[in-house]
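Being a predicted model, the structure only gives us computed values, none of them experimental. Within every chain, numbering begins at 1; the chains are lettered A, B, ... in the order of the sequence lines, protein sequences first and strands thereafter.
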2 protein chains.
Amino acid sequence: MAEKVTSLQVAQLAGVSQSAVSRVFTPGASVSKKTEDKVRKAATQLGYRPNVLARAMVSGKSRIIGLVVGYLDNYFYPEALEKLSNALQEQGYHVLIFMASRSAGNIDDVMEEILDYQVDGVILASVPMSSDIAMRCQQAGVPVVLFNRSQDMDGITTVTSDNYAGGRKVAEFLVAGGHRQIAYIAGWQGASTQRDREAGFRAALGEAGQDLFRHDVGEFHTEDARAAARRVFDVAPDDRPDAVFVANDHMAFAVMDVIRFELGLRIPEDVSVVGYDDVPPAGWPAYNLTTIRQRANLMVAETVAALFEHIDTPATAKPRKVAIDGPLVVRTSARLPKGWTPQRTNT
Amino acid sequence: MAEKVTSLQVAQLAGVSQSAVSRVFTPGASVSKKTEDKVRKAATQLGYRPNVLARAMVSGKSRIIGLVVGYLDNYFYPEALEKLSNALQEQGYHVLIFMASRSAGNIDDVMEEILDYQVDGVILASVPMSSDIAMRCQQAGVPVVLFNRSQDMDGITTVTSDNYAGGRKVAEFLVAGGHRQIAYIAGWQGASTQRDREAGFRAALGEAGQDLFRHDVGEFHTEDARAAARRVFDVAPDDRPDAVFVANDHMAFAVMDVIRFELGLRIPEDVSVVGYDDVPPAGWPAYNLTTIRQRANLMVAETVAALFEHIDTPATAKPRKVAIDGPLVVRTSARLPKGWTPQRTNT
DNA sequence: ATGAAAGCGCTAACAA
DNA sequence: TTGTTAGCGCTTTCAT
């Protein structure tokens with residue numbers, strides 16, 4: 001079992017000073033080709049690799065990014081997590097995960113813990129009380145960016161899709177499709193994503209001269225969404241909405257299941273359904289859900305860029321609110337306005 | 001912005017030595033009640049928290065567990081990741097994520113990186129070449145456990161569901177259901193999970209006097225599974241299997257979609273489909289997939305327990321292969337043998 | 001029970 | 001370009 005190899009051992013084998021070894025492994029340090037060769041040879045021979053923790057102690061940079069995530073039920077998050085982690089890895093950073101959800105009682109504890117690791121930055125994804133936590137980080141001098149949550153509070157960088165515009169697009173699409181009794185099933189009201197989607201949706205509906213026909217809340221949870229769907233659709237035919245915008249795909253699947261399999265209604269003939277996120281199952285033929293795409297790649301790229309900006313140039317980096325436009329992906333869960341055609345399935 | 005507070009500052013404020021402060025924050029050290037009170041008071045006042053990295057340097061324990069994961073497409077992994085992270089957090093450990101998949105070209109690089117962080121242990125989940133990597137860890141003196149992968153190689157602790165037994169159960173269920181032309185759609189052959197499921201399935205089929213009617217490979221990927229489904233089912237009715245066991249749920253959804261929506265066949269009247277994993281969408285009414293449940297909670301508990309055993313008592317901990325039995329969850333995607341009833345949906 | 005002192009493995013001035 | 005030196009913040013003997 002290969003024991004720990006230190007830079008000192010490498011130095012001795014190579015016949016140079018310990019600092020010479022350090023320099024070889026420090027990008028941008030000045031070492032002669034000859035020394036470098038000797039050191040690399042010795043290092044390889046011994047299987048030496050610099051100790052990240054020791055380096056972090058003295059340099060103050062751990063190359064660790066804390067990622068706080070509430071839950072992974074919504075399949076948008078596994079995707080985002082994977083991309084985030086990959087993007088960070090490419091920059092030589094790594095992700096320390098903190099589940100802020102269930103068991104982990106106190107979110108404050110989680111924050112303490114995360115700061116104990118001297119992380120270089122923090123990404124908050126789908127976390128309740130994001131703003132409080134974000135402030136704590138700021139105060140501790142740790143750069144933060146909120147992923148898929150925005151906050152009124154200034155001074156915090158946030159990256160989201162353009163939820164307001166997305167909500168508008170859905171309303172316009174549904175109105176163009178000839179719907180006149182349009183319902184909305186909301187997510188958790190504490191989430192800015194939910195509020196913005198609803199606001200955009202209502203605004204565009206209003207401009208088209210329509211009011212929301214029905215409103216209910218699914219809290220972003222499957223079971224709550226199911227219950228909401230029953231309240232909204234298990235009614236006399238005349239009271240039934242002819243279309244529903246569900247605040248995210250995760251809930252939309254549950255809503256579709258209730259509509260089709262419990263109530264025996266047809267989609268989209270009896271009811272049009274539109275979701276938000278475009279997670280993979282939305283493209284599965286069993287759902288074929290028309291939905292707003294959240295462009296995870298772009299959101300991740302912006303998040304990482306903003307975070308590094310704050311890390312590298314804390315003085316000049318200013319907080320910004322990035323909202324990335326997402327297209328409406330037209331499939332078959334909602335009636336098509338004239339002239340529209342659905343996208344090919346499973347792209 | 002609160003600057004870093006050191007134990008020395010706390011010591012000075014409390015009027016004690018720096019070591020006293022250290023002892024207060026070291027479980028099981030000997031400090032008088034009086035000293036402890038003074039220190040805690042000063043610590044709270046200053047907002048002091050021990051620096052995990054510095055502690056790791058001297059103690060040699062980072063309280064970081066490296067989690068290497070190949071991909072998160074299969075929705076079993078987000079669930080496992082969440083539970084794993086929670087379980088570890090409860091023990092005061094945290095998870096450093098390494099995506100071993102796509103972009104990250106060389107898996108060896110990933111391993112180097114992970115060891116650079118002086119992790120106390122490594123969990124490998126769904127990683128190609130697991131055994132090589134695991135050996136590398138062992139050699140570096142870092143405890144490893146393979147999650148949801150097993151290896152012939154001795155000396156490595158692995159935790160899986162009992163894939164062989166699971167495969168058997170499916171075969172027995174399908175045979176009891178009166179099927180006589182039973183197909184199998186395999187996952188990636190490099191995965192022990194795939195091999196064991198297939199082996200168990202074939203064995204029980206053989207004991208019932210049946211041969212596999214058709215065999216194809218879906219590689220655990222949606223698109224490959226779809227293609228396999230077409231090859232297997234888009235044939236003359238007599239050549240068509242009357243049942244198929246798909247190596248995991250993720251592929252089973254794709255297979256069901258092809259069978260129902262491309263080929264217009266009915267499930268389970270024309271074809272019975274059984275999967276493996278029991279991920280959440282399996283319980284969604286649009287699929288209602290009969291499948292073997294992987295008990296994530298148990299698997300996680302065993303994984304964490306085994307890992308800590310190796311960390312805490314490296315001398316006496318011996319490698320073991322844990323295989324956790326998983327029940328067949330009977331839903332409606334496969335014809336019921338006499339006397340069987342489907343479980344309630346969405347449990 | 002407590003303090004002093006010696007590092008953990010490394011980077012970053014500072015000289016040379 | 002290179003070696004020497006001084007720590008980073010903490011735990012852990014070793015005395016007291």
Side-chain angles (χ1 to χ4, degrees), chain A residues 2-40 42-43 46-64 92 112 115-120 140-141, chain B residues 2-40 42-43 46-64 92 112 115-120 140-141:
Chain A
E3 277 314 319
K4 305 244 170 307
V5 182
T6 69
S7 58
L8 185 60
Q9 300 173 43
V10 176
Q12 286 164 347
L13 180 63
V16 297
S17 76
Q18 183 270 328
S19 358
V21 178
S22 171
R23 280 192 272 262
V24 169
F25 288 92
T26 305
S30 75
V31 235
S32 70
K33 183 87 179 63
K34 225 172 80 184
T35 312
E36 165 148 20
D37 288 346
K38 282 193 295 188
V39 169
R40 290 221 180 274
L46 262 35
Y48 168 78
R49 306 219 86 217
N51 181 328
V52 176
L53 268 33
R55 174 178 285 177
M57 274 219 58
V58 40
S59 70
K61 319 260 73 192
S62 62
R63 301 191 82 81
I64 296 177
E112 302 288 88
L115 295 176
D116 293 349
Y117 281 91
Q118 313 295 113
V119 297
D120 292 345
Chain B
E3 277 314 320
K4 305 241 172 309
V5 181
T6 70
S7 59
L8 185 59
Q9 299 173 45
V10 176
Q12 286 165 345
L13 180 63
V16 298
S17 76
Q18 183 270 329
S19 351
V21 177
S22 171
R23 279 193 269 264
V24 169
F25 288 92
T26 304
S30 75
V31 236
S32 69
K33 184 86 180 64
K34 226 172 79 182
T35 311
E36 165 147 21
D37 287 347
K38 282 193 296 188
V39 170
R40 290 223 180 272
L46 262 35
Y48 168 79
R49 306 217 85 219
N51 180 329
V52 176
L53 267 34
R55 172 177 287 179
M57 274 217 58
V58 40
S59 70
K61 320 259 73 193
S62 63
R63 302 191 82 79
I64 295 177
E112 302 288 278
L115 295 176
D116 293 350
Y117 281 91
Q118 313 294 114
V119 297
D120 292 344

Atom [atom1] of [X] to atom [atom2] of [N]: distance rounded to whole Å?
{"X": "A/Gln12", "N": "D/dG3", "atom1": "CD", "atom2": "C1'", "result": "14 Å"}
{"X": "B/Lys34", "N": "C/dG3", "atom1": "NZ", "atom2": "P", "result": "11 Å"}
{"X": "B/Asp116", "N": "C/dC8", "atom1": "CG", "atom2": "C1'", "result": "17 Å"}
{"X": "A/Glu36", "N": "D/dT2", "atom1": "CD", "atom2": "P", "result": "10 Å"}

### Message
I need the minimum non-hydrogen distance between A/Leu46 and A/Val5, along with the two atoms involved.
### Response
O-CG2, 3.3 Å
### Query
Does a side-chain N or O from B/Thr35 land closer than 4.0 Å to OP1 or OP2 of C/dT2, or not?
yes
### Message
Would A/Arg40 pass as a cation-pi partner of A/Phe25, given that its NZ or CZ must be under 6.0 Å from the six-membered ring centre and within 45 degrees of the axis?
### Response
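Verdict for A/Phe25: a cation-pi partner in A/Arg40.
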Hey, is the main chain of [Y] close enough, under 3.5 Å, to the side chain of [X] for a donor-acceptor pair?
{"X": "A/Arg55", "Y": "A/Ser62", "value": "no"}
{"X": "A/Ser19", "Y": "A/Ser22", "value": "no"}
{"X": "A/Asp116", "Y": "B/Val52", "value": "no"}
{"X": "B/Asp120", "Y": "B/Lys61", "value": "no"}
{"X": "A/Thr26", "Y": "A/Ala29", "value": "no"}

Produce the list of close N/O pairs, under 3.5 Å, pairing protein atoms with atoms of nucleotides 8-12 of chain D; give distances to one decimal.
residue: D/dC8; atom: O2; partner: A/Val58; partner atom: N; Å: 3.4
residue: D/dC10; atom: OP1; partner: B/Tyr48; partner atom: OH; Å: 2.7
residue: D/dC10; atom: OP1; partner: B/Asn51; partner atom: N; Å: 3.1
residue: D/dC10; atom: OP2; partner: B/Ser7; partner atom: N; Å: 2.5
residue: D/dC10; atom: OP2; partner: B/Ser7; partner atom: OG; Å: 2.9
residue: D/dT11; atom: OP1; partner: B/Arg55; partner atom: NE; Å: 2.6
residue: D/dT11; atom: OP1; partner: B/Arg55; partner atom: NH2; Å: 2.8
residue: D/dT11; atom: OP2; partner: B/Ser22; partner atom: OG; Å: 2.5
residue: D/dT11; atom: O4; partner: B/Gln18; partner atom: OE1; Å: 3.2

### Query
Which residues satisfy the side chain to side chain donor-acceptor pair (under 3.5 Å) test with A/Ser32, sequence neighbours excluded?
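Only A/Thr35 meet the side chain to side chain donor-acceptor pair (under 3.5 Å) criterion with A/Ser32.
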### Message
Could you work out how much the helix from C/dA1-D/dT16 to C/dA16-D/dT1 bends, comparing the axis of its first five pairs with that of its last five, to 10°?
### Response
30°
